[in-house]
Amino acid sequence: MHYKAGTYFRNGPYAECRGYKTPSQGWSGASCRYYNDYGNLWYYSSDWRAWVYSGSVSFPIDGAPAPTNSC
């Protein structure tokens with residue numbers, strides 16, 4: 001997935017979870033997806049070992065679509 005500058009990578013799939021903001025845009029692998037209790041879609045970044053909100057990323061990466069398997 002491609003993430004935007006200023007994207008938060010969090011320790012859980014909720015905006016309330018602690019995290020860190022990236023200073024620049026970049027690429028990361030996404031291993032699975034998760035819909036939280038509010039119906040928001042999050043992806044787990046296998047590279048960062050953190051969660052990222054779907055609105056902050058885009059696909060495909062190297063032709064691979066977004067993961068469809070649940071976490």
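Going from atom OH of Y34 over to atom CG of L41 covers 11.5 Å, rounded to the nearest 0.5 Å. In this structure, the separation between NZ on K4 and OG on S58 is 8.0 Å, given to the nearest 0.5 Å. Distance check: C71 SG to R33 CZ gives 9.5 Å after rounding to the nearest 0.5 Å. Between the OG atom of S31 and the CE atom of M1 there is a distance of 8.5 Å, given to the nearest 0.5 Å. Taken from CG in N11 to OH in Y8, the straight-line distance is 13.5 Å, to the nearest 0.5 Å.
Aromatic ring orientation, Y14 versus Y38: perpendicular (interplanar angle above 60°, classes split at 30° and 60°). Taking the six-membered ring for Trp and thresholds of 30 and 60 degrees, Y44 and W51 have ring planes more than 60 degrees apart, a perpendicular arrangement.
The shortest heavy-atom contact between S46 and A30 is OG-N, 4.3 Å. What you find for S70 and C32 is that their closest heavy atoms are C-CB, 4.0 Å. Contact record, C17 with P13: SG-N, 4.4 Å, taken as the closest heavy-atom pair.
If you chain together hydrophobic residues whose side chains sit under 4.5 Å apart, Y20 and W42 never meet in one group. Side-chain heavy atoms closer than 4.5 Å link hydrophobic residues (I, L, V, M, F, W, Y) into clusters, and following such links, possibly through other members, connects V57 to F9.
You'll find the side chain of Y3 stays beyond 4.5 Å of the side chain of S56, heavy atoms only.
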